[in-house]
There are 2 protein chains.
Amino acid sequence: MPADQDPAARTPRATLRDVALRAGVAISTASLVYSGKKPVAPATAEKVREAATELGYHGPDPIASSLRQGRSGVIGAVVPSRLLHAFRDPYAVTMFDGLAETLGDLGTGLLLMPESAPGSEPPPGSNLAVDAVVFLLSSEEAHPLVPELVGRGIPMVGTGSPVDPHIVQVRVDDRRATAALARHVHELGHRHVGHVLMPLQPDQVTRRVTRAEVAEATLPITRERAEGVRDVFGDVPMVSAAEADIEAGRAAADLLLGLDPRPTAILAQSDLLAVGAVRAAEARGLRVPEDVSVSGFDGVELPWLGRRLTTVDQRPAEKGRLVGEALRHLLAGESVEDVELDAPLRLGDTTAAPPRPAPPTPGPPG
Amino acid sequence: MPADQDPAARTPRATLRDVALRAGVAISTASLVYSGKKPVAPATAEKVREAATELGYHGPDPIASSLRQGRSGVIGAVVPSRLLHAFRDPYAVTMFDGLAETLGDLGTGLLLMPESAPGSEPPPGSNLAVDAVVFLLSSEEAHPLVPELVGRGIPMVGTGSPVDPHIVQVRVDDRRATAALARHVHELGHRHVGHVLMPLQPDQVTRRVTRAEVAEATLPITRERAEGVRDVFGDVPMVSAAEADIEAGRAAADLLLGLDPRPTAILAQSDLLAVGAVRAAEARGLRVPEDVSVSGFDGVELPWLGRRLTTVDQRPAEKGRLVGEALRHLLAGESVEDVELDAPLRLGDTTAAPPRPAPPTPGPPG
DNA sequence: TTGTATGCGTTATCAA
DNA sequence: TTGATAACGCATACAA
């Protein structure tokens, strides 16, 4: 069915002025009927509504209203251009869900602003009318939109990156949380562990990386989680996954499990990567956790996994809600401090004591 | 780090007028420097840019620009309030991804408009400035926002529901596609099949449903897919899942597998439900496809499943792209016809011939 | 409780 | 190529 191509329908849309005129009241009075900011006599209101119905007027034009009020009622959310990939991670979706919850109460909309190829000028989205911007999944330490938004005086909230003094951050202490997890694994008796990292660069391949390379990772959390591991285990073999997904996690863990000595535990920087590690172990005929322990990071729900991952729960839903709270205060003109979110260790069934070392070449006991 | 609470920063933001004044040109000329709609002498442009830099002016205010131009550059996307749940289905995410792709080229943003409790007045989102609205995941035949948007003359694109003559639909022929799939299963030799349906109502429980109940389902595709099955198999046992997810699919399929005679094939209305059916079969010690065949609907990627589902590929990414194309034309003022998307059958490894019936009670052959 | 008048920051039209 | 001016549709301060 074709839409609205009726030529006769090309009549200009009624405005508040038309309605007021028809109702025989002033524009300002008609405005009050819709905003409700001041009392209007019931009879007057009724007249206005009638006129509106007759004219097919459906309320004030949001754009004009926005201009007058100086607010658009919209929050911009900068998201990776490959939305698909980002939302394949329950962590991202859960966090958005928490944010949407707060925003729903606020009555503001969430505008997805896909980041595009770097270098495009002006950065896309800079012409969109938003009251504030959130960076929930950014993997860059710097972002072309930030100076732009700072210049426009648009408040920003982030979850770690990009890094800028104008961005209110809601985040966990990645290093400390990772160290707590690593300590648990250490206390179980593990001494040979491998670390699966998020991608160091946007388009890389799954490969072993050095401490020096990690120090230059674009994503701050990658560095910090790696430091958390080092705080407990010192230098350990590290493999950076090509993507933050299961398949890359599997490939990365497989590299680690091929080392000699084989790690007895794989610490992954996300739950999805950890799932991949479980797969890699199983593919080699290793049992988790009897032969290999595996841990993740995030604390997302993985109902289809059939087991509970040992992980750091950074409470993504709560994180999203806190971002929403920060936004609420910023929009109210209040000043907001950075928020540190508590991220407790969650013990699952994918970690256990390491296997007893196989007896050396059989021979007469000493 | 606190954001922008510097009291001295409360200076009013520079406008185009300030810039023009400082550059010694007319406002309209300064405007042209930013819009590029008419040529401006290089020297003049340079003066304007300089003045802008000095004043910290970062380009025209998007809201004012929108008002003047009558377009906001934003597309509204009505999404279920439980974003989390919706985006757990790769079908939804993939479709959004396809849409975002087209929209990215268009330079327009995507505004998420969560639908909230029915009956709220006015419907949320009616005060948001959007140039068009898409319904990608709506499960209601009618939607409170639709009359509102029709009244405002805002073009709409949907994927089946809500149903309204003003909405341009991009969809597949669910009945025909399902019938083609059912025919394949029939030709394999199956005669006892069970059908797993999407939820008939928002908050229901997983339970067996009658043909009469299905006829009143809120979601049109639920009805149409059920009809597709009936076209081939006639009346079959039907179970409506409580949610469109794996767990509910498992529960629903489990009900069917407990019937006598046990179905030799489970036809599910979505791939996620089908995954649940595979799980249910396995939990009963039944092999797929040797003991039970399972089919889905959607054609999403399920890399973690480790097998290929027999399904109808409704090419969600392409669907999203086509929605984007329809939007593009509508925004250009062109009229657009409904689009029917081809949805081919994809044979996987979850369907096969039914098992030979167990021999009846042993006895002397006739 | 209602009306009058002003301007939000731009862009389009037209004339120069 | 540039400038003056008039909208865009509304919400607010203030007066009545």
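All chains are named by letter (A, B, ...) in the order of the sequence lines, taking the proteins before the strands, and each is independently numbered beginning at 1. Keep in mind it's a predicted model, so treat the numbers as computed, not measured.
- Rounding to whole angstrom units, CG of residue Leu55(B) and C1' of dG9(C) are separated by 15 Å.
- Using a 4.0 Å cut-off between charged side-chain N and carboxylate O, Arg171(B) and Glu340(B) make no salt bridge.
- In this structure, Thr15(A) does not reach the dG9(D) phosphate: none of its side-chain N or O atoms is under 4.0 Å from OP1 or OP2.
- Residues Met156(A) and Val150(A) are in side-chain contact: their nearest non-hydrogen atoms beyond the backbone lie under 4.5 Å apart.
- Per the geometry, CZ belonging to Arg17(A) stands 14 Å off C1' belonging to dA11(D), to the nearest Å.
- Residue Ser65(A) is in sugar-phosphate contact alone, with no base atom involved, counting any heavy-atom pair closer than 4.0 Å across all strands shown.
- For dT10(C), the OP1/OP2 oxygens have a side-chain nitrogen or oxygen of Tyr57(B) closer than 4.0 Å.
- When side chains are defined from C-beta on, Val168(B) counts as touching Asp338(B), because their heavy atoms get closer than 4.5 Å.
- Comparing Val25(A) and Gln69(B) against DNA chain C, the residue whose closest nucleotide sits nearer the 5' end is Val25(A).
- A close approach under 4.0 Å does occur between a side-chain nitrogen or oxygen of Lys37(A) and OP1 or OP2 of dT12(D).
- A salt bridge is defined here as a Lys NZ or Arg NE, NH1 or NH2 lying under 4.0 Å from an Asp or Glu carboxylate O, and Arg49(A) with Glu46(A) fails to meet this definition.
- Contacts of Ile27(B) with the nucleic acid, taken as non-hydrogen atoms under 4.0 Å apart, include base atoms.
- The side chain of Thr29(A) sits closest to dT2(C) out of dT11(C), dC10(D), dT2(C).
- Taking 3.5 Å as the limit, the base of dT4(C) and the side chain of Ser28(A) contain a donor-acceptor pair of atoms between them.
- Inter-residue side-chain proximity for His166(A) and Val146(A) is flagged as unmet; no heavy-atom pair is nearer than 4.5 Å.
- Whole-Å rounding puts the Glu46(B) CD to dT1(D) P distance at 17 Å.
- Leu16(A) comes within contact range of the sugar-phosphate backbone alone, with a heavy-atom separation under 4.0 Å but no base atom that close.
- Across the protein-nucleic acid pair, Lys38(B) atom NZ and dT13(C) atom C1' stand 8 Å apart, rounded to whole Å.
- Of the candidates dT4(C), dT11(C), dG9(C), the closest approach to any side-chain atom of Ala26(A) belongs to dT4(C).
- Atom-to-atom, CG of Asp61(B) to P of dG7(C) comes out at 18 Å; the value is rounded to the nearest Å.
- Toward the 5' end of DNA chain D, the nearer of the two residues Ala30(B) and Ala64(A), judged by each one's closest nucleotide, is Ala30(B).
- Between Arg71(A) atom CZ and dC10(D) atom P the separation is 16 Å, expressed in whole Å.
- The 5' end of DNA chain D is approached more closely, in terms of each residue's nearest nucleotide, by Gly24(B) than by the other of Arg68(B) and Gly24(B).
- Whole-Å rounding puts the His58(A) NE2 to dG9(D) P distance at 16 Å.
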